[in-house]
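Because only heavy atoms are used, hydrogens play no part in the values below, and waters and symmetry mates are left out as well, while side chains stay in. Keep in mind it's a predicted model, so treat the numbers as computed, not measured. Naming: A, B, ... by sequence-line order, numbering from 1 per chain.
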Number of protein chains: 2
Amino acid sequence: MNSSYHHGDLRRALIDAAVESLGETGPSALSLRAVAKRAGVSHAAPAHHFGDKAGLLTAVATEGYGRFADALERAGRNGDFVDVGVAYVRFAIDNRPYFEIMFRPELLHEDDPDLARAESRSRSVLVRGAADLAGGEPSLSPQAVAAWSMVHGFAELLIGGNFPPEVAGDPEATVRKIATRIRFDPE
Amino acid sequence: MNSSYHHGDLRRALIDAAVESLGETGPSALSLRAVAKRAGVSHAAPAHHFGDKAGLLTAVATEGYGRFADALERAGRNGDFVDVGVAYVRFAIDNRPYFEIMFRPELLHEDDPDLARAESRSRSVLVRGAADLAGGEPSLSPQAVAAWSMVHGFAELLIGGNFPPEVAGDPEATVRKIATRIRFDPE
DNA sequence: CCGAGAATTTGACAGTGTCAAGTTGTCCGG
DNA sequence: CCGGACAACTTGACACTGTCAAATTCTCGG
């Protein structure tokens, strides 16, 4: 029981440390060595578990997609797709460290099977919600693309600080108002 | 006035080199020294002109916002807001190196006055287009937020490779179809 | 023509990711 | 009980990065 050796679940601790670090410094300034130091291990320990910096971020993104799918699923329980949209941007706000990474392919190992699984799960939750709205189409309908794009763009613009105070102040209200009033022309 | 002993306009050459580099390697892997080498100058030359790595990226983003505003303005000439939306995502596709940087505040010097000017210009072009649609409101109406979010989210998701082939194949057609059929309920 | 001042280079420094090799812990078959 | 195999982790090194200070090179106005 040498104290220099980490006996608990180091993989878990490293992911947590990475998320904390991401929350403080943002993705571009994330340092593997800083993460290692925060977890109390040597600078090369992360490489052993994740291979790569991208590997660590992939693990974070995978966990993020898992939580994301959970949140969307929970919000969609009562059949109102507006709630799913609201949950989408709420997740981006509340889990910003995850969200800032999840849609940045150049930072991740896209071929990772776990990541792909988690990704496709949250995508399917999203599409199912949109399909309910549009009338049960299996694939990505134009309506679904539109809805997804809108909530995603809103989240990104909000996080990037591109909105004036009156909309950034209560983003949930704004997205709810918009999502409620929006319609899709047949034809 | 600005002629240097290197050869022409080094500032210009460095921005161009940065854009090329961004196009090849993406923003996260951009190296100041690689940019300098590409421009044929020493590794510390960029610092003199831009102070910082963020300074160089700020200059790139400023130029990007300029071109962006031009493109949106050109597209809005004939009063159809759908064209502006299409131009938005077309810009993201055609000028990906710029677009990938423009909405990433943590990579830039947000307080830079030139950047702020260029930003607010393209924003005002966008809002003016949306105001025409909504009936002349000056500030950011819910409709404008919705429209902006949608085209922006579409562009980001598209660039991130999140869409299946049938929509990524002809993105312009998809965004046009969506933008044409979308409506906004008057309460 | 020359000296001031700007543009650029040179050299150094701390920090980064990644790899190879060494060290330390764990566990299991005898 | 024990020895050795195996995984987890550390140590040390390497090339590369951004940034800064000092030295150099060019330009131009007097």
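A salt bridge links D70(B) with R121(B): the distance from a Lys NZ or Arg NE/NH1/NH2 to an Asp or Glu carboxylate oxygen falls below 4.0 Å. Classification of R12(A) and E63(A) as a salt-bridged pair holds, one side-chain N sitting under 4.0 Å from a carboxylate O. With respect to E24(A) and R38(A), a salt bridge is recorded, a charged nitrogen being found less than 4.0 Å from a carboxylate O.
Atom pair H49(B):NE2 and dC20(D):C1' shows a separation of 17 Å (rounding to whole Å applied). For the pair K37(B) NZ and dA15(D) P, the interatomic distance rounds to 14 Å; values are reported in whole Å. Rounded to a whole Å, the CZ atom of R11(A) is 16 Å from the C1' atom of dA7(D). When the P atom of dA7(D) is taken as reference, atom CG of L10(A) falls 17 Å away, rounded to whole Å.
In this model, the phosphate group of dC20(D) is not approached by any side-chain N or O of H48(B) to a distance below 4.0 Å at OP1 or OP2.
Evaluation of the side chain to side chain contact (heavy atoms under 4.5 Å, CB included) rule for T25(A) yields A29(A) as partners, not counting sequence neighbours. Every residue two or more places apart in sequence or in another chain that forms a side chain to side chain contact (heavy atoms under 4.5 Å, CB included) with A146(B) is listed here: M150(A), I178(A), I182(A), F184(B).
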Write down the protein N/O and nucleotide N/O pairs, taken from nucleotides 17-21 of chain C, whose separation is under 3.5 Å; answer none if there are no such pairs.
from    : atom 1 : to     : atom 2 : distance (Å)
dG17(C) : OP1    : L32(A) : N      : 2.7
dG17(C) : OP2    : L32(A) : N      : 3.1
dG17(C) : OP2    : R33(A) : N      : 3.2
dG17(C) : N7     : R33(A) : NH1    : 2.4
dG17(C) : O6     : R33(A) : NH1    : 3.1
dT18(C) : OP1    : D52(A) : OD1    : 2.5
dT18(C) : OP2    : D52(A) : OD1    : 3.4
dT18(C) : OP2    : K53(A) : N      : 3.0
dT18(C) : O4     : R33(A) : NH1    : 3.3

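The closest donor-acceptor contact from the side chain of Y65(A) to the backbone of M102(A) lies under 3.5 Å.
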